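Notes for the one structure printed next.
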There are 2 protein chains.
Amino acid sequence: MTSNTASVPSRRERMRAETMTEIKASARGQLLEHGPSGISLRAVARDVGVSPAALYRYFDNLDALLTDLCCDFYDELVDASRAAMEVHPAEAHPERMKAWVWTFRSWVVSHRREFELMLNVPESESALTPCVNIADVPFDDLPAVTRKSMEHARLCGRELAAYYRHTEGQGFDFSAIDIPEISKGLSDELLDQCADMVIGERLPLPWIYAFASAWVRVFGLVTMEAFGSLPVRDNIEEFYKVQLMSMMRDFGIA
Amino acid sequence: MTSNTASVPSRRERMRAETMTEIKASARGQLLEHGPSGISLRAVARDVGVSPAALYRYFDNLDALLTDLCCDFYDELVDASRAAMEVHPAEAHPERMKAWVWTFRSWVVSHRREFELMLNVPESESALTPCVNIADVPFDDLPAVTRKSMEHARLCGRELAAYYRHTEGQGFDFSAIDIPEISKGLSDELLDQCADMVIGERLPLPWIYAFASAWVRVFGLVTMEAFGSLPVRDNIEEFYKVQLMSMMRDFGIA
DNA sequence: ATATTAAGCTAACGCCGTTAACATTAATGA
DNA sequence: TCATTAATGTTAACGGCGTTAGCTTAATAT
């Protein structure tokens with residue numbers, strides 16, 4: 001052992017990393033051509049020019065390869081989102097949040113197959129699906145893809161928090177926002193799961209609620225478009241824009 | 001041939017129907033136990049007590065069995081929805097629409113696996129996914145599951161139409177509804193795909209738009225709950241209710 | 001130079017969907 | 001009634017799959 005834990009990668013480590021990306025590239029190719037269920041270890045092996053059994057030196061099994069792929073996809077999505085947000089100045093928070101939504105949409109429509117896999121992630125991986133409350137598990141113990149997806153959501157959530165800090169003391173009137181009556185139980189949960197976990201700050205409830213609502217709407221828009229079940233086909237962009245406007249209005253933003 | 005096209009089913013027809021339901025019951029059992037990708041023709045055959053090849057007398061292939069299952073699920077969902085709506089008097093249109101949403105949600109959460117399959121329907125079946133506009137294809141030429149899913153949506157859409165006819169002439173002020181500015185292209189599309197295809201009538205644009213928006217929101221709610229990614233876990237019912245209220249407000253109701 | 005570890009191989013096991021060729025059973029028409 | 005026909009079943013096989021065990025080779029570390 002050359003006492004390597006992050007320093008210069010040894011020759012072997014480089015080779016290993018190279019074949020790993022080669023494997024994943026082949027798998028992704030099959031994903032694009034034949035969909036999630038059309039990815040075959042043996043086909044990957046043929047593609048890479050190696051025996052099927054050799055792949056098990058790199059991934060525990062097929063599912064592990066698939067979840068690893070998913071993580072890469074989330075990284076791509078996160079990177080694209082960050083880049084799109086950074087086009088706008090740091091103080092243009094609403095613009096940056098819109099850029100986040102827009103990147104989500106455009107990444108998914110240009111990577112439908114990848115998104116398909118992300119939605120159908122091999123759920124074993126930790127098997128805590130609806131067993132325990134996600135908020136009670138330390139972040140690092142969550143399944144990898146769950147962490148990645150939260151990372152993606154946080155990108156938008158923290159922008160909202162930054163916007164709040166920015167408007168703070170500028171006399172923004174939250175009581176003017178039209179928010180329904182909510183029980184303590186629900187608002188506590190929203191504070192736990194939305195504010196603490198993705199926004200990162202306990203903003204006033206109206207914004208937390210508006211964030212949750214917008215989240216659901218964006219998710220609906222994106223998945224429906226990916227499934228081709230949006231009630232619109234030729235004017236999707238405008239439909240998004242109009243929907244975005246009404247979400248902004250829920251935040252009390254012009 | 002006993003000139004039977006719908007009259008009394010012959011003995012053979014009865015037997016055939018019986019084994020078909022037996023096959024589907026077994027497949028559904030496997031779906032519940034192992035998820036959509038865990039359904040195996042050979043296991044079904046073992047279950048039914050028949051050779052694997054025999055199943056091909058009943059279904060063209062595995063995909064055909066799966067899509068057939070999906071159709072059954074939609075029928076169940078539609079029946080449940082209709083029943084829930086009929087609990088309310090015929091004129092209580094808003095209540096009936098709420099019942100539709102509520103049934104959608106509760107059916108999905110109590111049939112997650114089935115819903116999983118419905119979302120991942122073997123898409124071949126006609127392979128017109130994003131090729132042609134759905135509005136240009138005669139209804140009977142659409143893939144079976146698409147038709148079923150439209151049947152489900154129509155149940156709610158036509159209720160809205162009935163509500164409109166009911167309010168007509170009662171001086172409902174549509175211009176008071178807060179609707180964003182929409183291009184002619186988008187509104188034409190909404191009229192084509194929402195009004196004509198699911199609502200069944202060309203209601204005033206504000207309602208058409210509100211319907212499309214609500215559709216997206218409900219779809220988002222239901223799928224996120226099914227995937228366990230709603231920002232709420234213990235107070236989901238209340239979250240739905242509150243969301244429903246704000247959708248109703250978009251229609252200018254209450 | 002040698003011991004150790006990583007990375008590859010072959011061969012096999014038990015699944016799978018699907019097809020072809022053949023057998024049997026039940027309904028039909030003369 | 002009885003031969004014909006159509007529906008329903010069988011067996012056997014093909015090629016593909018994920019995965020494991022056991023062995024060999026190449027690279028690294030001491």
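Here is the naming used below: chain letters follow the sequence lines, and residue numbers restart at 1 for every chain. The shown structure was predicted, so the numbers you read here are calculated from the model rather than taken from an experiment.
Screening A:Arg105, A:Lys98, A:Glu225 for a side-chain hydrogen bond (donor to acceptor under 3.5 Å, both in side chains) with A:Tyr240, the sole residue that qualifies is A:Glu225.
A:Met20 CE: more than 12 foreign heavy atoms inside a 6.0 Å radius.
When the P atom of D:dC17 is taken as reference, atom CG of A:Asp63 falls 16 Å away, rounded to whole Å. As rounded to whole Å, 12 Å separates atom P of C:dC16 from atom CG of B:Asp47. Rounded to whole Å, atom P of C:dG17 lies 11 Å from atom CG of B:Asn61. For the pair B:Arg16 CZ and C:dA27 C1', the computed distance is 15 Å after rounding to whole Å. In this structure, B:Glu22 places its CD atom 15 Å from C1' of D:dT8, rounding to the nearest Å. Summarising the geometry, the separation between CZ on A:Arg46 and C1' on D:dG15 is reported as 11 Å, rounded to the nearest angstrom. Computed from coordinates, the B:Leu62 CG to C:dC15 P distance equals 18 Å when rounded to whole Å. What separates CG of A:Leu41 from C1' of C:dG14 is a distance of 16 Å, to the nearest Å.
A salt bridge does not link A:Arg28 with A:Glu22: every distance from a Lys NZ or Arg NE/NH1/NH2 to an Asp or Glu carboxylate oxygen is 4.0 Å or more. Salt bridge B:Arg113/B:Glu116: present, at least one basic N to carboxylate O contact under 4.0 Å.
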Practice prompt. Begin with the C-alpha distance, continue with both residues' side-chain angles, and end with the deciding distance and a verdict on salt bridge (Lys or Arg N to Asp or Glu O under 4.0 Å) for A:Arg233 and B:Glu189.
Written response: CA-CA 8 Å; A:Arg233 281 190 129 66; B:Glu189 245 194 329; over 6 Å; no

Discussion item. B:Glu18 vs B:Lys24, test: salt bridge (Lys or Arg N to Asp or Glu O under 4.0 Å). Steps then yes/no.
Written reply: CA-CA 10 Å; B:Glu18 202 170 307; B:Lys24 294 201 268 188; over 6 Å; no

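Note on B:Tyr58: only backbone sugar-phosphate atoms sit closer than 4.0 angstrom, heavy atoms only; bases stay farther off.
Residues from residues 48-57 of chain A with heavy atoms under 4.0 angstrom of DNA chain C, sorted by number: A:Val50, A:Ser51, A:Ala53, A:Ala54, A:Arg57. Contacts with DNA chain C (heavy atom under 4.0 Å) in residues 27-40 of chain B: B:Ile39, B:Ser40, listed by number.
Rounded to the nearest 0.5 angstrom, B:Leu142 CG and B:Met150 CE are separated by 6.5 Å.
Between A:Phe73 and A:Trp107, the two ring planes are tilted [angle within 30° to 60°].
In this structure, the ring of B:Phe104 has its center less than 6.0 angstrom from the ring center of B:Trp100.
For the pair A:Arg42 and B:Arg12, nearest-nucleotide mapping onto DNA chain C gives the more 5' position to A:Arg42.
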